[in-house]
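Encoded as structure tokens, the structure appears first; notes follow it.
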Amino acid sequence: MEVDIRRVALKHALANAVKFGGKARVDSVVSKVFAEVPEARKAAKEVVELVKEVVEEVNSMSPESQASLLSELWPEALSGERKVEVKRLPPLPGAEEVGGKVVTRFAPNPDFVLHLGSARPAILNYYYAKKMYNGKFILRFEDTDPRTKRPMPEAYDLIREDLRWLGTPWDEEYIQSQRMEVYYEVAEALIKSGNAYVCTHSQDEIKAFRDAGKPDPCSFLPPEEHMERWEKMLSGEYPEGAAVLRIKTDPAHPNPSVRDWIAFRVLDTEKTPHPLTGDKYRVWPTYNFACAVDDHMLGVTHVLRGEEHAVNTLKQEYVYRHMGWKPPVSIHFGRMNLEGMVLSKSVIRRGIEKGLFSSIDDIRLGTLRALRRRGILPEAIWDLVLEVGIKPSTARVSVDKLHAFNRKYLEPRANRYMFVPEPAKVASIEGLEAPITAEVIVHPSFPERGRRRITFSKPEVYLPSDVASSMVRLMGLGNFEVVDGGSKLRYLNNDVSFAKKHELPIVQWAPVESSVRGRVLKAAGTKIEEISGYGEPSLAELPPGEQVQFVRLGFVRVEGPETYIFTHD
RNA sequence: GCCCCGGUCGUCUAGCCCGGUCAAGGAUAUCGGCCUCUCGAGCCGAAGAUCCCGGGUUCAAAUCCCGGCCGGGGCACCA
């Protein structure tokens, strides 16, 4: 045994010394020894002493003899390969207990379309339920506020579309405004068991009780009284604001907002009708109540949501406790700030109202529809979300990162086209007989996609203004000498290797007679840049939605005739 | 102010739960080279991290414990 350890120590001491300029470190060698011979941990102190001796010996040797001894005894120790890591999120706690039947949900308020911020919970919840576990993914519309965050009738469908595009199809769908009776029933049970009560104090009075950490006088009334009040709430005898149903928690809870939080309130739906149910209901559950009840009723096992919901989890646990239900596992992830993109719902909405943004898919915005219009692929959003993962700390991700992921997917798909941006130069061609024919490569990585033929008779082309050399290569057409300050191009040959050898700039061009005018729209912070120019004739045939690369310019998505939206470099 | 939660290359992240194969791996951005009919892609290389700071436990701490600092979230009859 002793001998074995000494040998192992010698091996790692040598390897360590060779790796770090002749001096091995005791700590590192000890670690390696334990890794190779885990049993040795039991006699850790002795091993350390032994390693110290060995390291001393090794360090007194010359680097050359260390290396030669190592390669003689353990040649394999010289190759330092590393483990490869697989990109995958950590498993979910509590997934075993449910036998891998993980049920998650995505629960948006249908008051707006989805944006990059909402993509995170959508993808994460979908990923765990459907990709990592063999479970169920639920879509639930949380539209229980007809007053402050009024649902937008179109939003239900817009969100469904957004999710389908994102690649997170759902197994079941629920709309909270259609489930009011469910919430009423649980409310009644809680009142009867003395765990909820109707309070008729004003908002200010309730706040005062909370701040003081004192119980609400209403809470001392018997359940029968509260049942009566509850009936009166439902029958419309209390005007808006006159009564609320509160959940008993702890009047002195360290977090004042948890103290007997409000589960239902009266809303005047004649004044502010709900887009789906009109004025049918006047008593509305709050987010925390509806959410708690639904998560249980729908069998949700895991809730993944942002850290802004941390206190809500705390509140909702009281409903579970009172009802004797088992709460789902909650995981809170941190904020994801996307630098250089407008994400906030309220800012977007205000911007659209003020005319700052044209619409919900204005290319400067971070809505999923805007990203799609810009040519961002859902796969790229997935990569971004999965990379950021479920860490609780705030992540400041850059648009560059999103673009890098997107480029990975877009690059092979996007065929190459030529587009000459303004200011373009017109040059006449000498030395080629009309009709002139060029063959441009459709995609350099995929020769099987072939070449595109451009034929024209009038010997004039548009050139990008950055052509300043005495010779230039026009892609697919030939090498030229630049004469008369760039107004003339004299044909030399069509040999790519000539261009390489003489280091000619290789540029895009467009025939003047059949070029297609176009403009590229580019989101630049709060502005939209417009780059107009001339494209090769086949641009006219590209269908809207097609994503291509404008050579030497960047990737674009075809918006419509003559309009292209810049995706990224 | 009160209540939570965090802190690893510029940025994002792996490792942390269960201390040792980590003098810290990957990605992105940057810089160089090769390759390419693009300023795209690919390949190779460089540089980049006092693992927030201080203390403690231990043979051994990015990992466990305590304190500090800094950052974030919440404090609605919104979701």
Side-chain angles (χ1 to χ4, degrees), chain A residues 12 16 19-20 25-28 30-36 38 41 44-49 51 82-85 87 90 93 107-109 111 142-145 147-149 199 202-203 206-207 210 240-241 243-246 253-258 261-267 284 286-288 290-291 306-312 314 332 334-336 339 383-384 387-389 391-398 400-401 403-405 407-408 410-412 414 416 418 440-441 443-445 466 473-477 496-497 499-500 504-508 549-555 569:
Chain A
H12 291 296
N16 192 242
K19 191 173 167 193
F20 294 100
R25 213 186 258 186
V26 176
D27 280 3
S28 307
V30 169
S31 294
K32 301 277 185 192
V33 170
F34 283 140
E36 188 167 330
R41 267 170 246 247
K45 288 196 185 175
E46 289 79 59
V47 173
V48 171
E49 285 310 310
V51 170
R82 283 249 163 211
K83 69 248 168 183
V84 252
E85 75 185 59
K87 197 161 157 187
N109 179 344
D111 67 338
E142 307 212 316
D143 55 349
T144 59
D145 178 17
R147 186 179 51 186
T148 319
K149 283 192 180 170
C199 164
S202 72
Q203 207 163 152
I206 291 174
K207 184 175 172 5
R210 275 198 186 130
E240 181 168 311
V244 292
L245 185 78
R246 303 182 68 182
H253 192 280
N255 189 328
S257 75
V258 175
W261 55 269
I262 285 154
F264 284 85
R265 74 283 205 198
V266 178
L267 294 175
W284 287 87
T286 57
Y287 164 75
N288 277 304
C291 185
E307 62 179 336
E308 66 270 21
H309 286 291
V311 185
N312 293 328
L314 226 55
H332 301 114
R335 284 180 59 114
M336 186 170 87
E339 154 244 289
D383 274 8
L384 189 72
E387 163 148 315
V388 173
K391 289 220 323 179
S393 48
T394 306
R396 293 200 325 241
V397 302
S398 63
D400 281 356
K401 191 91 175 179
H403 288 174
F405 283 134
R407 197 177 291 117
K408 189 173 86 191
L410 192 49
E411 212 283 332
R416 274 43 176 178
M418 298 194 294
V440 294
I441 291 167
H443 195 302
S445 314
D466 61 349
R473 172 162 182 82
L474 306 196
M475 295 180 102
L477 182 60
V496 177
S497 58
K500 287 280 167 195
L504 303 196
I506 298 170
V507 303
Q508 79 278 33
Q549 189 201 48
F550 281 170
V551 166
R552 303 210 315 143
L553 231 95
F555 295 91
D569 298 330

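Counting any heavy atom pair closer than 4.0 Å across all strands shown, A404(A) reaches sugar-phosphate atoms only and no base atom. Using a 4.0 Å heavy-atom distance criterion, V388(A) is classed as a sugar-phosphate-only contact.
Spacing of C1' atoms, U13(B) relative to U8(B), comes out at 9 Å, to the nearest Å. A gap of 6 Å separates the C1' atoms of G7(B) and C52(B), to the nearest Å. As rounded to the nearest Å, U50(B) and A46(B) have C1' atoms that lie 22 Å from one another. Nucleotides A62(B) and C51(B) place their C1' atoms 5 Å apart, quoted to the nearest Å. With P as the reference atom, G45(B) and A27(B) are 11 Å apart, rounded to whole Å. Taking the C1' atom of each, G25(B) and A41(B) are spaced 25 Å apart, rounded to whole Å. Taking atom P on both C5(B) and C9(B), the two are 23 Å apart, rounded to the nearest angstrom. Straight-line distance between the P atoms of C64(B) and C17(B): roughly 5 Å, to the nearest whole Å.
The minimum heavy-atom distance linking Q508(A) with V551(A) is given by the pair NE2-O, 3.7 Å. Of all non-hydrogen atoms in V440(A) and G476(A), the two that sit nearest each other are CG1-CA, 4.1 Å. The two residues L267(A) and W284(A) come nearest to each other via the heavy atoms CD1-CD1, 3.7 Å.
With sequence neighbours left out, R407(A) forms a salt bridge (charged side-chain N to carboxylate O under 4.0 Å, His left out) with no residue at all. Considering only residues two or more places apart in sequence or on other chains, R335(A) meets the side chain to side chain donor-acceptor pair (under 3.5 Å) condition with N337(A). Partners of P38(A) under the side-chain contact (heavy atoms from CB on, under 4.5 Å) rule, at least two apart in sequence or in another chain, are R41(A). Contacts of P254(A) classified as side-chain contact (heavy atoms from CB on, under 4.5 Å), with partners at least two apart in sequence or in another chain: none. K149(A) pairs by the salt bridge (charged side-chain N to carboxylate O under 4.0 Å, His left out) definition with nothing, not counting sequence neighbours. Partners of H443(A) by ring-ring contact (aromatic ring centres under 6.0 Å, His included), not counting sequence neighbours, listed by chain and number: F446(A). In this structure, the side-chain contact (heavy atoms from CB on, under 4.5 Å) partners of P256(A), at least two apart in sequence or on a different chain, are R259(A). With sequence neighbours excluded, the residues satisfying side-chain contact (heavy atoms from CB on, under 4.5 Å) with K32(A) are H12(A). For H403(A), the ring-ring contact (aromatic ring centres under 6.0 Å, His included) partners are H568(A), not counting sequence neighbours.
Here the side chain of R265(A) pairs no donor or acceptor atom with the backbone of A263(A) at under 3.5 angstrom.
The side chain of K32(A) lies closest to C22(B), out of G6(B), G20(B), C22(B). Side-chain proximity of P392(A) to G20(B), G6(B), A29(B): nearest is G6(B).
Rounded to an integer number of Å, the gap from CE of M336(A) to P of U11(B) is 17 Å. The distance between atom CZ of F405(A) and atom P of U13(B), rounded to the nearest whole Å, is 11 Å. If you measure from atom CG of L384(A) to atom C1' of A29(B), you get 14 Å, rounded to the nearest angstrom. When rounded to the nearest whole Å, the span between NZ of K391(A) and P of A27(B) equals 18 Å. Between the NE2 atom of H12(A) and the C1' atom of G20(B) there is a distance of 12 Å, rounded to whole Å. Between the CZ atom of F20(A) and the P atom of A23(B) there is a distance of 6 Å, given to the nearest Å. Atom pair R25(A):CZ and A23(B):P shows a separation of 8 Å (rounding to whole Å applied). Separating the CZ atom of F34(A) from the P atom of U21(B) is a distance of 11 Å, rounded to the nearest angstrom.
Helical stems involving RNA chain B, defined as 3 or more consecutive Watson-Crick or G-U pairs under 3.5 Å, span B:1-7 with B:69-75, B:10-13 with B:25-28, B:30-34 with B:42-46, B:52-56 with B:64-68.
Nearest-nucleotide positions on RNA chain B for V48(A) and N16(A) put N16(A) closer to the 5' end.
The base of A27(B) sits with one of its N or O atoms less than 3.5 Å from a complementary donor or acceptor on the side chain of K401(A).
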Could you encode protein contacts along nucleotides 60-79 of chain B as a string, one character per nucleotide from 5' to 3', using B for base contact, S for sugar-phosphate-only contact and - for no contact, with a heavy-atom cut-off of under 4.0 Å? ------------SSSS-BBB
Heavy-atom contacts, protein to nucleotides 36-43 of chain B, under 4.0 Å, summarised as B (base), S (sugar-phosphate only) or - (none) per nt, yield BBBBBS--
